[in-house]
Each structure stands twice: as structure tokens, then as C-alpha cells.
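Single-structure report; data block below.
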Amino acid sequence: MTRWALEQMPDQTGRTVLVTGATSGLGLASAIALAGAGAHVLLTARDRERGKAALTRVQREGGPGAELIELDLADLESVRDAAADVRERTGDTVHVLMNNAGVMGTPPRFTVDGFELQIGTNHLGHAALTWLLMPALRGGGTAERPARVVTLSSLAHRGGGLDVDDLHFARRRYLASAAYSASKLANLLFAAELDRRLRDVDGTIPAVISVAAHPGLTGTDLLGNSMRLRSRLLGALSGPANKLVAQPVRAGILPQLYAATAPQVRGGDYIGPGLLGETRGHPAPARRSRAAEDVELARRLWERTAAATSVQPDPK
């Protein structure tokens, strides 16, 4: 793979891209870059005031073609409302869905619907949103240029397994790091299963493909926000420390932007940084853990996700 950089991103004029978690970090930087390439960007935020501030930045630093969508991935009613809003605003035409939002390392907390917060936000909310938006993605894609679902995973997916029969740690001792690793493994498993099922529909070339990406070690606010939930002092110290050893956000967004826009990308790809154990560098094929390649585990997660969210999987 070549040393792909932001300047090589194809023109996105006429394309509609939805980016979740776009008020800071990777999501905000991606939204700015996509708007700057001509895309009409729908950026989501759970806090309206933070969303308005992010929208102003995207319009000022990227381009005028941006809108705000209110979305709380930890609330399935909000997910349904946001999906309906997107479909109405776009006339069922979305070219890229970037499932970027996430929480990390939280104390034991639960979503509105009773899900463990990390699996509920990082995986279940995104899976439900993806299924609900599939008609709009089909409306934006063709066999020649499929629409794309880009799901953000992490190097942390290698840190542990996934118990699909106890997603919310009802029977196990809760460990924040284990819950985060499980949610990021779930992201990879869902992305792969979605791609398999899209390929199987009627045996035709799909109008939508599913790919995954991860940012390596990037200096976002995610770690600091996580530590701040435990201690203000830890939050104050961990953020700057992380940025000292991590690559900048402008580099961390490259894998997900490559996954979203590069013509070479194919369904099922997993893209990450190519250097130093995938912690930094230009986009390159990323390595999955053995668990992330478990087709049976992915199938069972798909079924448990449908049961938990009460959202009809699409494709079935």
C-alpha cells in the first residue's frame, strides 16, 4: 500500500457522509477533512451545544456543507429518531456511514436500555444505527461504487475475548479494560459479519460494503475523558501524557478516511497504521486477532445484537 495522505483523498462532492461522535477527536477531524473534500457531512452529537460548536468548526475549517444530527448511542430511542431524521433529510441517500463514536474504560455504568455502557455505546448503538440506515445506504450505493459502512475498532480488540452470553457482565466481575476490549472486538466481528451478509444477498454484487479501521495510538481526548470519570487528577495527567507518546489526530484519522474514500478499498478490509506494531504511520492492512476471525462468534453476536436492540437486522 502506498503512503496515502490526506491530499490523496478523492473529491467527495455530491456525497453524503454521516460521522458519529463528531464533537471532538477523530470524529471532528474526519468531519472537517471530508467537508473540505466537498462532502455533505452529517455530524452527530449527543449534546446539542457541543454539537453546534463542532458544526461551526466544520463549516469554518472544512466547508459549508454540514448539518448536525442529535444522537445518543446509549439510548435506542435516540438511535431510532436519528436514523429517521437522517433518512428524511437525505431522501434515503447516504454514501458513507462512519461509526466512529466511542467511550473507553468507564466505571460500571449502564445505558438507558440497561446495557453495559461500553458495549452498549460502541457496538449495540452503532449496530442498530447501521441496520436502520441500510435503506439509505442502498440508496447511495451502486455495484460500481458501493456505499460504505466504516466501523472503528482498536488495537485493544486483541486484549481479551467476548462472552456473547454475558455482554453486560451480569455474571462476571466487571473490568473496565476488559469491557472496552470486548466492545472493540464486537466492532470487528460485526463489520465482518455485515460484509458477509451483504455479499450473500441474492448472490449479486452488493451496493453496500462493510469495512473496518483503527487509529493506532492517537492522541485524542478519549483516554483523558475515561480517566476523568475515575479521578480529576488522573484525567488531568493522562491526557497530556498520552499526547506525548501518541501520533497526532491529523495522522490518526488517515485509516478511517482511507477506508471511507479510497477506490482500492474492498468489502471486508481492515485498515490501520502501518508502522511500529500498527501504532502509527500511513494506512495499511491491519491484523485481526484469532477471535476477530471467528465466523461462528460473529454469527452469534449478530443474533444477540438483534435480540438486545429489537432492531430487524438488514440484511437478514
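- A salt bridge is defined here as a Lys NZ or Arg NE, NH1 or NH2 lying under 4.0 Å from an Asp or Glu carboxylate O, and Glu303 with Arg300 fails to meet this definition.
- Residue Arg250 qualifies as open at atom CZ: its count of foreign heavy atoms under 6.0 Å is 12 or below.
- Note on Leu129 and Val311: same hydrophobic cluster, where clusters join Ile, Leu, Val, Met, Phe, Trp and Tyr whose side-chain heavy atoms are under 4.5 Å apart, directly or indirectly.
- Between the side chains of His40 and Gln12, no donor N or O sits under 3.5 Å from an acceptor N or O.
- Panel note: side chain Ser78, backbone Asp72; a donor-acceptor pair is recorded below 3.5 Å.
- In this structure, the side chain of Asp75 does not engage the main chain of Val112 through any donor-acceptor pair within 3.5 Å.
- When all heavy atoms are compared, the tightest approach of Ala33 to Leu257 is CB-CD1, 3.8 Å.
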ask   = Stepwise, does the side chain to side chain contact (heavy atoms under 4.5 Å, CB included) test hold for Phe115 with Leu167?
value = CA-CA 8 Å; Phe115 307 142; Leu167 291 175; over 6 Å; no
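- Using cut-offs of 30° and 60° on the angle between ring planes, the pair Phe190 and Trp302 is parallel.
- Considering Ile253, Leu152, Leu254 in turn, Leu152 is the only one that fulfils the side chain to side chain contact (heavy atoms under 4.5 Å, CB included) rule with Pro215.
- Note on Arg199 versus Asp195: salt bridge recorded, some NZ/NE/NH1/NH2 to OD/OE distance being below 4.0 Å.
- Taking all atoms of both residues into account, the shortest heavy-atom contact from Pro313 to Ala306 is CG-CB, 3.5 Å.
- Hydrophobic clustering places Trp131 together with Leu73 (ILVMFWY residues linked when any side-chain heavy atoms are closer than 4.5 Å, directly or through intermediates).
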inquiry  = Using the rule given for side chain to side chain contact (heavy atoms under 4.5 Å, CB included), can you reason through Met9 versus Leu34, listing the C-alpha separation, both sets of side-chain angles and the distance that settles it, and then say yes or no?
reply    = CA-CA 9 Å; Met9 184 164 62; Leu34 288 160; 4.1 Å; yes
inquiry  = Could you walk me through whether Arg89 and Asp85 satisfy the salt bridge (Lys or Arg N to Asp or Glu O under 4.0 Å) test, starting with their C-alpha distance in whole Å, then the side-chain angles of each, then the deciding distance to 0.1 Å, before giving a yes or no?
reply    = CA-CA 6 Å; Arg89 290 199 206 188; Asp85 188 13; 3.0 Å; yes
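- Under a 3.5 Å cut-off, the side chain of Asn122 and the backbone N or O of Val103 do form a donor-acceptor pair.
- In this structure, Val265 and Tyr258 have side chains that are in contact, with non-hydrogen atoms separated by less than 4.5 Å.
- To the nearest 0.5 angstrom, Arg57 atom CZ is 9.5 Å from Ser24 atom OG.
- Side-chain N or O atoms of Thr218 include none that pairs as donor or acceptor with a backbone N or O of Pro248 at under 3.5 Å.
- What you find for Gly219 and Ala246 is that their closest heavy atoms are N-CB, 3.3 Å.
- Contact check on Arg197 versus Asp314 returns no salt bridge, with no Lys/Arg side-chain nitrogen under 4.0 Å from an Asp/Glu carboxylate oxygen.
- Using a cutoff of 4.0 Å between basic side-chain nitrogens and carboxylate oxygens, Glu70 and Arg46 are not scored as salt-bridged.
- With hydrophobic clusters built from ILVMFWY side chains whose heavy atoms lie under 4.5 angstrom apart, Leu162 does not share a cluster with Tyr180.
- Side-chain contact check for Thr151 and His126: no donor-acceptor pair (N or O, by modelled atom type) lies under 3.5 Å.
- The line from CG of Leu124 to OG of Ser183 is 10.0 Å long, rounded to the nearest 0.5 Å.
- In this model, no donor atom of one side chain and acceptor atom of the other lie less than 3.5 Å apart for Ser181 and His157.
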ask   = Between Thr130 and Asn99, is a side chain to side chain contact (heavy atoms under 4.5 Å, CB included) present by the stated rule, with each step listed?
value = CA-CA 8 Å; Thr130 300; Asn99 288 326; 3.0 Å; yes
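- Phe110 and His168 have their aromatic ring centers separated by at least 6.0 angstrom.
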key: Stepwise side chain to side chain contact (heavy atoms under 4.5 Å, CB included) check, Leu26 with Gln256   = CA-CA 9 Å; Leu26 298 168; Gln256 63 202 71; 3.9 Å; yes
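- Here CG of Leu194 is found 12.5 Å from CG of Leu189. Values are rounded to the nearest 0.5 Å.
- Under the salt bridge (Lys or Arg N to Asp or Glu O under 4.0 Å) rule, Asp166 has a single partner from Arg304, Arg173, Arg172, which is Arg172.
- The existence of a salt bridge linking Glu296 and Arg299 is confirmed by a sub-4.0 Å separation between a basic side-chain nitrogen and an acidic carboxylate oxygen.
- With salt bridges taken as basic N to acidic carboxylate O contacts below 4.0 Å, one links Arg196 and Glu193.
- Nearest heavy-atom pair across Pro283 and Ile271 is CB-CG2, 3.8 Å.
- Formation of a donor-acceptor pair under 3.5 Å by the Thr44 side chain with backbone atoms of Gly21 is found in this model.
- Side-chain N or O atoms of Ser153 include one that pairs as donor or acceptor with a backbone N or O of Lys184 at under 3.5 Å.
- Here the shortest heavy-atom pairing between Ala136 and Arg87 reads CB-CG, 4.3 Å.
- His282 contributes a side-chain N or O that, together with a main-chain N or O of Trp4, makes up a donor-acceptor pair within less than 3.5 Å.
- Taking both residues in full, the closest heavy atoms of Ile69 and Ala82 are given as CG2-CB, 4.0 Å, listed atom of the first, atom of the second, then distance.
- Of the options Thr90, Val19, Val17, a side chain to side chain contact (heavy atoms under 4.5 Å, CB included) to Leu42 is made by Thr90 and by none of the others.
- Although no hydrogens or angles enter the test, the distance criterion places no donor-acceptor pair under 3.5 Å between the side chain of His95 and the main chain of Ala147.
- The hydrophobic cluster containing Met104 does not contain Leu155, counting ILVMFWY residues as joined when their side-chain heavy atoms lie under 4.5 angstrom apart, directly or transitively.
- Ion pairing between Glu278 and Arg158 holds under the 4.0 Å rule for side-chain N and carboxylate O.
- With rounding to the nearest 0.5 Å, the separation of CD in Gln59 from CG in Leu43 is 8.5 Å.
- In this structure, CZ in Arg138 is found 11.5 Å from CG in Leu133, a value given to the nearest 0.5 Å.
- Once rounded to the nearest 0.5 Å, the distance linking CG of Asp165 with CG of Asp163 reads 5.5 Å.
- Leu68 and Val58 fall within a single hydrophobic cluster, where Ile, Leu, Val, Met, Phe, Trp and Tyr side chains are chained together by heavy-atom contacts under 4.5 Å.
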